[in-house]
Amino acid sequence: MRYIEEFRDPKAAKGVLAAIARVTDEIGATVEKPVHIMEICGGHTHAIFRYGLDRLTPPGVEFIHGPGCPVCVLPMSRVDECVDLAERPEVILTTFGDAMRVPGTRKSLIQAKAEGADIRMVYSPLDALELARRNPEREVVFFGLGFETTTPSTALTIQQAAAEGLTNFTVFCNHITVPPPIKALLDDPHMVLDGFVGPGHVSMVIGTTPYDFIARDYGKPIVVAGFEPLDLLQSVLMVLEQIRDGRAQVENQYARVVPKDGNPVSLAAIADVYETRPSFEWRGLGEIDESGLRIRKKYAAFDAEAKFGIGYGVDRRVVEEPEGCACGQVMTGRIKPTGCPQYGTGCTPERPLGALMVSSEGACAAYWQYGGLRGLEAAE
Ligand code: SF4
């Protein structure tokens with residue numbers, strides 16, 4: 001299959017791995033003094049573990065798992081608000097499957113559904129729009145969640161709802177943006193980061209220019225990467241080569257998909273429908289300036305926060321993390337999932353304590369799925 005098989009070629013992978021080993025040696029990185037490379041995107045975390053790249057690369061290369069899983073960074077207060085919305089008798093709450101099992105303080109959406117709330121899983125916000133057309137007597141709310149990858153489809157759906165004059169469709173907007181949390185991590189004096197593997201899908205929308213500050217202001221290399229094993233290995237090599245050469249640049253390994261200036265149609269839809277919130281809360285990272293989006297006033301009729309009187313600035317809830325939960329430390333790369341005292345004991349995919357264990361892009365889910373208790377043994 002074109003663009004798949006050639007990026008899974010074992011012979012080519014061996015060649016790139018040999019080059020990675022050579023450059024790691026040239027840098028002088030060892031297991032005691034590793035190079036810390038953060039893969040920002042949760043999809044990359046899963047690909048790294050799925051293909052065993054963490055074990056194939058030299059011990060002098062340490063992967064730090066970043067905050068690029070939108071379900072994982074959603075604060076519990078927003079899950080609670082979503083459950084409250086779903087429990088309103090007039091509401092049909094629609095959501096991607098990923099968010100169903102994320103624990104709130106009272107319950108998850110799947111528990112609310114089991115108790116009778118009308119919650120439906122959809123594959124696209126357009127499915128939610130169709131439900132609104134078919135159920136004019138009900139309020140259909142779409143749980144809008146995700147980075148710049150999913151933001152355009154929600155924006156286009158709101159534009160479509162406006163064009164049709166629908167009055168029973170709203171979006172509970174939790175869309176967030178990637179560059180601000182990277183800046184927050186780089187500003188953290190306790191973080192040790194030598195370079196970044198940049199997100200592929202997000203960059204398809206925003207391009208590579210928004211990452212210029214990482215190289216220019218912080219002197220760190222970043223390479224935007226694809227999701228196949230050779231994509232990731234080549235990106236790691238490109239980051240290592242920059243470190244070895246004393247360079248800090250934004251490079252694009254995923255040029256077959258990511259244009260430098262992004263996707264103009266998607267960016268126009270985002271700009272039309274959304275504006276930046278002054279700040280937004282991230283689980284594990286706290287409030288980050290200008291890191292979240294809200295729906296512009298001209299589309300207020302499609303804003304669940306405006307329609308139902310909830311959300312930021314109205315009924316701001318601050319919710320503490322559950323006792324013993326180390327999600328914040330994992331998401332900021334301070335510890336590995338296996339370093340969480342709850343991993344495999346108080347927190348499993350069947351009985352999750354944090355979103356990282358149930359999201360398809362969560363780091364704890366990656367460790368469990370591809371390492372399981374093996375990962376725990378390795379940490380001991
Ligand atoms: S094991 Fe569970 S509680 Fe611990 S960091 Fe992972 S998701 Fe959070």
Side-chain angles (χ1 to χ4, degrees), residues 36 38-50 54 62-80 82-83 95-112 143 145-147 174 176 181 184-185 188 190-193 281-288 317-380:
H36 299 92
M38 174 175 273
E39 83 278 2
I40 297 160
C41 168
H44 280 155
T45 306
H46 274 252
I48 286 166
F49 284 89
R50 181 178 173 200
D54 58 317
E62 184 173 346
F63 290 105
I64 308 286
H65 318 310
C69 160
V71 173
C72 304
V73 296
L74 189 71
M76 243 184 184
S77 58
R78 299 295 274 183
V79 180
D80 288 349
C82 208
V83 168
T95 176
F96 294 138
D98 240 22
M100 287 294 280
R101 300 183 57 223
V102 177
T105 44
R106 286 196 297 126
K107 61 186 86 166
S108 64
L109 286 174
I110 206 162
Q111 286 167 320
F143 189 9
L145 182 64
F147 290 105
N174 293 275
I176 46 181
L185 288 171
D188 182 340
H190 302 296
M191 288 300 299
V192 182
L193 295 171
E281 184 187 347
W282 291 57
R283 190 172 186 173
L285 283 89
E287 290 280 336
I288 300 179
R317 309 174 193 184
V318 178
V319 177
E320 295 297 325
E321 296 294 322
E323 180 113 15
C325 164
C327 290
Q329 286 171 275
V330 172
M331 268 181 303
T332 50
R334 286 180 173 80
I335 61 168
K336 297 282 191 274
T338 43
C340 172
Q342 301 291 342
Y343 180 89
T345 53
C347 184
T348 63
E350 291 74 34
R351 297 179 66 84
L353 195 59
L356 282 73
M357 188 55 97
V358 285
S359 167
S360 63
E361 294 192 350
C364 299
Y367 272 63
W368 189 269
Q369 205 170 335
Y370 303 113
L373 290 173
R374 217 161 16 118
L376 194 55
E377 285 153 14
E380 286 170 354

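Computed from heavy atoms alone, side chains included, the values below leave out hydrogens, waters and symmetry copies. One-based numbering along the sequence shown. Order of appearance sets the numbers: ligands from 1, and atoms from 1 within every ligand.
Atom 6 (Fe) of ligand 1 has Cys364 SG as protein N, O or S atoms under 2.8 Å away.
Between Tyr367 and Tyr343, the two ring planes are perpendicular [angle over 60°; tilted spans 30° to 60°].
Distance check, rounded to the nearest 0.5 Å: CD of Glu361 to NE2 of His44 gives 10.0 Å.
Aromatic pair Phe143/Phe96: centroids not less than 6.0 angstrom apart.
For Glu62, the side-chain hydrogen bond (donor to acceptor under 3.5 Å, both in side chains) partners two or more places apart in sequence, or in a different chain, are Lys336. Among residues two or more places apart in sequence or in another chain, the disulfide (SG to SG under 2.5 Å) test is passed with Cys325 by none.
Among residues at least two apart or in separate chains, salt bridge (charged side-chain N to carboxylate O under 4.0 Å, His left out) pairs with a member in residues 98-109 are Asp84-Arg106, Glu87-Arg106, Glu87-Lys107, Lys107-Glu115.
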